[in-house]
Amino acid sequence: MVRTRFAPSPTGYMHIGNLRTALYAYLFAKANNGKFILRIEDTDTERTVEGVIDIIYKTLKQAGIEYDEGPDIGGDYGPYIQSQRKDIYNHYAHKLVETGAAYYCFCSKERLAQLQESGAPKYDKYCLRNVSLEQARSKIAAGEPYVVRQNIPEQGVSSYTDLVFGEISVDYKDLEDNILLKSDGMPTYNFANVIDDHLMRINYVIRGVEYLTSTNKYNLIYDAFGWERPNYIHLQPIMKDSARKLSKRTGDASFEDFIAKGYLSEAIVNYIALLGWSPKDNREKLSMRELIEAFSIEGISKSPSIFDEPKMRWLNSLYIKEMPPQAFAKKSKPYYDALGLESKFDYETLDKLLQSRVEIMSDIPEKLKFLDEFDNFDLGLFENKKLKTDKMIAKEVLPKLIERLKRIENFDNNSLFENLKEFSAEINLKSSALFWIMRIALTGAQVTPGGATEMAALFGKERALERLQAAYKRL
RNA sequence: GGCCCCAUGGUCAAGAGGUUAAGACACCGCCCUUUCACGGCGGUAACAGGAGUUCGAAUCUCCUUGGGGUCACCA
């Protein structure tokens, strides 16, 4: 049974890179009928931010990434919050010391700082060499603060096979005796991840490349306990540009920012799935179901990928177009309300016009700008070289058009269109030219979410005539 | 700087010794058309550089260059 996990530390908002890591771990588990576990890594009490755990729950839920075990839903291997597992880490830390794979260290921060200043490349194993286990135990019994350090062999090479990068070997001399258990009794990531992954039966560890090299150290701990090492899948980061990682700190959008911007969660998930992984076929648009079916390690990229919002926009527009009208209505309403359109316009009509033209929901205000920016539009817009229209022709046509419209009862798009098409023949003007003039006079905008008759229908007879008259007056 | 990793168009990416080097986004053009959008058709654009190996290299090896990661009582 494949078991993967997503193990965020609750230190800030969930950004796109984190979400993608969670997504891949989820997809891999589900692609193999396995389990996906959520674990909260809050061992750094300083950096832990209140309330972030809820954001994590919420974001995963919203993104459709369902975990089988986790803090809020339980499971057989809990607790799933590291700060609640302190005793477990302590137990194993002392056990590890007994095996010789770790040792107690009493060095002060000052000595450590001095060591570093003196140019030492890493910790010098002072306490391993100068403090016997018995001495250490009595110091601890006496209440002296201590940490537990990993005892990295002084010679040799460590290696393992990453499922995407292949064999990764590192010389032990390039590895440091990192702290496993801090003086506050909390474990560091270096220790907790191993203990928990083993205890929680995680057999595929999927995480960022920043752990690619240090995984060699973690394997030493598995070995010391006689535990089976998991499989590893390391992921390159998502970049803002070729030099910078995407990060909340540099003001890059988080999942919820994109949601707020009017992206659909399905589109975001779809897009980030494709950033660093590709299916064997050419599909670009995949549902969660399809992602699960298509996901495989071979498709994972070995190089970082740059986040490209225009492509996500395009994907989003695909999802918007296929939304049921009611779903679109639900999303568009807040935007209409914010523009103060309530009771002025028929939302259903607006929806029909906009659903195929909007890429992300927040495009709506821009697309509807012509509704209130009308009075002083540029009269030069009447000029259209291809259709051979200009102000003069508009001035000539508009009064006739107004008279004609006055006599039309049905102000729905189709009736208007048929009627005015005939009208254009009667006055001997190309229908496209007539519609151009009419649309400009009606909206004052070069670009509108629909043609002349659609705009007229949107305004309704009374307001359409008012606008046409106002435009005529200015000519 | 030491160590580890990576390198195909502007971006995402197929490609695993022999291809006219896919496809998508973006961009440009044409068509459709009551504007715009959608849709359809087409176009511009890439194997970082240099040595090898080989009959043959985007694919294998080495070097250079560029980029990323890592060297915390952070994860």
Side-chain angles (χ1 to χ4, degrees), chain A residues 7-9 11 41-44 46-47 105 107 109 112 116 121-122 145-149 162 164-166 168-171 173-176 178-190 192-193 207-216 234 236-237 239 241-245 271 274-285 298-299 301-315 317 321 353-359 367 381 384 387 413 416-417 420-421 424 430-440 443 445-455:
Chain A
S9 59
T11 55
E41 310 220 326
D42 60 345
T43 56
D44 186 348
E46 302 273 308
R47 293 207 311 156
C105 173
C107 289
K109 296 217 165 153
L112 263 21
Q116 203 172 26
K122 55 181 190 175
Y146 69 98
V147 300
V148 173
R149 278 185 191 274
D162 180 275
V164 346
F165 290 99
I168 306 294
S169 327
V170 177
D171 204 311
K173 71 175 169 20
D174 294 317
L175 262 23
E176 187 168 17
N178 286 106
I179 287 170
L180 265 21
L181 200 67
K182 300 186 263 188
S183 54
D184 66 358
M186 279 289 199
T188 59
Y189 177 86
N190 303 317
N193 94 85
R207 67 189 9 159
V209 268
E210 60 268 30
Y211 301 109
L212 192 67
T213 309
S214 47
T215 293
N216 281 294
H234 287 99
Q236 288 282 14
M239 312 288 287
D241 53 45
S242 62
R244 285 170 301 172
K245 234 166 133 170
Y271 177 66
L274 261 24
L275 262 191
W277 170 81
S278 64
K280 292 195 175 66
D281 48 43
N282 275 341
R283 279 179 298 171
E284 300 277 348
K285 183 165 175 297
E298 298 81 68
S301 167
K302 290 163 117 175
S303 35
S305 23
I306 297 171
F307 189 84
D308 185 45
E309 196 170 340
K311 184 149 186 178
M312 185 163 76
R313 264 187 97 92
W314 165 76
L315 259 178
S317 77
K321 283 187 198 85
L353 259 18
L354 292 172
Q355 185 164 2
S356 66
R357 290 167 228 262
V358 150
E359 285 190 313
K367 296 247 184 260
L381 287 176
N384 183 314
L387 299 174
N413 183 42
L416 283 168
F417 185 66
L420 294 180
K421 197 136 192 180
S424 73
K430 270 178 74 180
S431 64
S432 51
L434 170 70
F435 287 131
W436 177 270
I437 291 168
M438 173 173 163
R439 195 177 57 82
I440 297 297
T443 65
Q446 185 166 27
V447 175
T448 53
T453 56
E454 283 172 303
M455 294 299 101

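Numbered from 1 within each chain, the chains take letters A, B, ... in sequence-line order.
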Check: A:Trp314 main-chain N/O paired with A:Glu359 side-chain donor or acceptor under 3.5 Å | no

Of the candidates B:A37, B:A72, B:C4, the side chain of A:Thr213 sits closest to B:C4

Could you tell me the separation between the NZ atom of A:Lys285 and the P atom of B:C12, rounded to a whole number of Å?
-> 23 Å

What is the distance from CD1 of A:Ile306 to P of B:C12, rounded to the nearest Å?
-> 5 Å

Atom-to-atom span, NZ of A:Lys311 to C1' of B:U11 - whole angstrom | 8 Å

Distance between C1' atoms of B:A26 and B:G18 (Å, rounded) = 33 Å

Can you find a side chain N or O atom of A:Thr11 that sits less than 4.0 Å from OP1 or OP2 on B:C74?
-> no

When rounded to whole Å, the CD to C1' distance for the pair A:Glu454 and B:U33 reads 12 Å

A:Arg207 side chain to A:Leu212 backbone, donor-acceptor under 3.5 Å = no

With rounding to whole Å, what would you report as the distance between B:U33 and B:A37 at their P atoms?
-> 16 Å

If the P atom of B:A21 is compared with that of B:C4, how far apart are they to the nearest Å?
-> 36 Å

Euclidean distance for C1', B:A24 against B:A46 (whole angstrom) | 15 Å

With sugar-phosphate meaning primed atoms plus P, OP1 and OP2, does A:Asp44 contact a base, only sugar-phosphate, or nothing at under 4.0 Å between heavy atoms?
-> sugar-phosphate

Rounded distance (Å) that lies between atom P of B:A16 and atom NZ of A:Lys280 | 13 Å

Just compare B:G23, B:A37, B:C25 and give me whichever is closest to any side-chain atom of A:Trp314.
-> B:C25

Donor-acceptor pair under 3.5 Å, A:Ser183 side chain vs B:C73 base | yes

Can you tell me if A:Lys122 uses its side chain to pair, donor with acceptor, with the backbone of A:Leu175 under 3.5 Å?
-> yes

For A:Phe435 and B:U35, do the ring centres fall under 5.5 Å apart while the planes stay under 30° apart?
-> no

Considering just the side-chain nitrogens and oxygens of A:Lys302, establish if one lies under 4.0 Å of OP1 or OP2 belonging to B:C6.
-> yes

Name the nucleic acid region contacted by A:Glu284, choosing base, sugar-phosphate or nothing; use a 4.0 angstrom heavy-atom cut-off, strictly under.
-> base

Remember a base hit wins even if backbone is also touched, and classify A:Ser214 as base, sugar-phosphate or nothing at under 4.0 Å, heavy atoms.
-> nothing

Take A:Leu212 and A:Ala7, find for each the nucleotide of RNA chain B with the closest heavy atom, and name the residue whose nucleotide sits nearer the 5' end.
-> A:Leu212

Tell me what A:Val147 touches on the nucleic acid: a base, only sugar-phosphate, or nothing, going by heavy atoms under 4.0 Å.
-> base

Could you tell me whether A:Glu46 contacts a base, only the sugar-phosphate backbone, or nothing, with contacts defined as non-hydrogen atoms closer than 4.0 Å?
-> nothing

For B:A37, take OP1 and OP2 only and decide whether either is under 4.0 Å from a side-chain N or O of A:Gln355.
-> no

For B:A13, does either OP1 or OP2 sit under 4.0 Å from a side-chain N or O belonging to A:Ser305?
-> yes

Using a cut-off of 4.0 Å on non-hydrogen atoms, how would the nucleic acid contact of A:Tyr271 be classed: base, sugar-phosphate, or nothing?
-> nothing

Check: A:His234 main-chain N/O paired with A:Asp162 side-chain donor or acceptor under 3.5 Å | yes

From the list B:C6, B:C36, B:U35, which nucleotide is the closest neighbour of the side chain of A:Gln236?
-> B:C6

When rounded to the nearest Å, what value does the distance between P atoms of B:C41 and B:G23 take?
-> 12 Å

B:U34, B:A72, B:C5: which one has an atom nearest the side-chain heavy atoms of A:Gln116?
-> B:A72

Can you tell me how far P of B:A75 sits from CG of A:Asn193, to the nearest Å?
-> 11 Å

5'-most contact on RNA chain B (nearest-nucleotide basis), A:Ser278 vs A:Gln446, goes to A:Ser278

Under 4.0 Å between any heavy atoms, over every strand shown, what does A:Ser317 touch: base, sugar-phosphate, or nothing? Just pick one.
-> nothing

Watson-Crick or G-U wobble partner of B:A14, both distances under 3.5 Å = none

Plane angle bin for A:Phe307 and A:Tyr271 - parallel if under 30°, tilted between 30 and 60°, otherwise perpendicular = perpendicular

Nearest of B:C73, B:C36, B:A75 to any side-chain atom of A:Leu112?
-> B:C73

Ignoring hydrogens and angles, are the base of B:U34 and the side chain of A:Ser431 linked by a donor-acceptor pair under 3.5 Å?
-> no

Between A:Leu175 (CG) and B:C3 (C1'), how many Å, whole number?
-> 9 Å

Taking B:A75, B:C6, B:C25 as options, the one with an atom nearest any side-chain atom of A:Phe165 is B:C6

By the Watson-Crick or G-U definition, both distances under 3.5 Å, B:G1 is matched with B:C71

Counting heavy atoms not belonging to A:Gln446, are there more than 12 under 6.0 Å from its CD?
-> no

Looking across every strand, which nucleic acid part, if any, lies under 4.0 Å from A:Met455 by heavy atom: base, sugar-phosphate, or nothing?
-> nothing

Does OP1 or OP2 of B:A72 have a side-chain N or O of A:Lys182 closer than 4.0 Å?
-> no

Look only at the side chain of A:Ser9 and the backbone of A:Thr11, and say whether a donor-acceptor pair between them is shorter than 3.5 Å.
-> no

To the side chain of A:Ser432, which of B:C12, B:U34, B:A22 is closest?
-> B:U34

Under 3.5 Å, is there a donor-acceptor pair between the side chain of A:Trp436 and the main chain of A:Leu381?
-> yes

Mind checking who B:G9 pairs with, Watson-Crick or G-U wobble, both distances under 3.5 Å?
-> none

Considering only atom P, compute the distance from B:A7 to B:C63 and round it to an integer number of Å.
-> 16 Å

What interatomic distance, in whole Å, is found between P of B:G42 and the corresponding atom of B:C47?
-> 24 Å

Taking any strand in view, what nucleotide pairs with B:C41 in a Watson-Crick or G-U wobble way, both distances under 3.5 Å?
-> B:G29

Look only at the side chain of A:Thr188 and the backbone of A:Ile179, and say whether a donor-acceptor pair between them is shorter than 3.5 Å.
-> yes

Looking across every strand, which nucleic acid part, if any, lies under 4.0 Å from A:Gly276 by heavy atom: base, sugar-phosphate, or nothing?
-> sugar-phosphate

Base, sugar-phosphate, or nothing: which does A:Thr448 touch, judged by heavy atoms less than 4.0 Å apart?
-> base

Look through every strand shown and name the nucleotide pairing with B:U61 as Watson-Crick or G-U wobble, where both distances are under 3.5 Å.
-> B:A51

C1' gap between B:A13 and B:G52, integer Å = 29 Å

What integer distance in Å separates A:Leu353:CG from B:U35:P?
-> 14 Å

Just checking A:Lys321: base, sugar-phosphate only, or nothing, at a heavy-atom cut-off of under 4.0 Å?
-> sugar-phosphate

Of the listed B:A37, B:A22, B:A75, the closest approach to the A:Arg357 side chain comes from B:A37

Does atom CD of A:Glu210 have more than 12 heavy-atom neighbours from other groups under 6.0 Å away?
-> yes

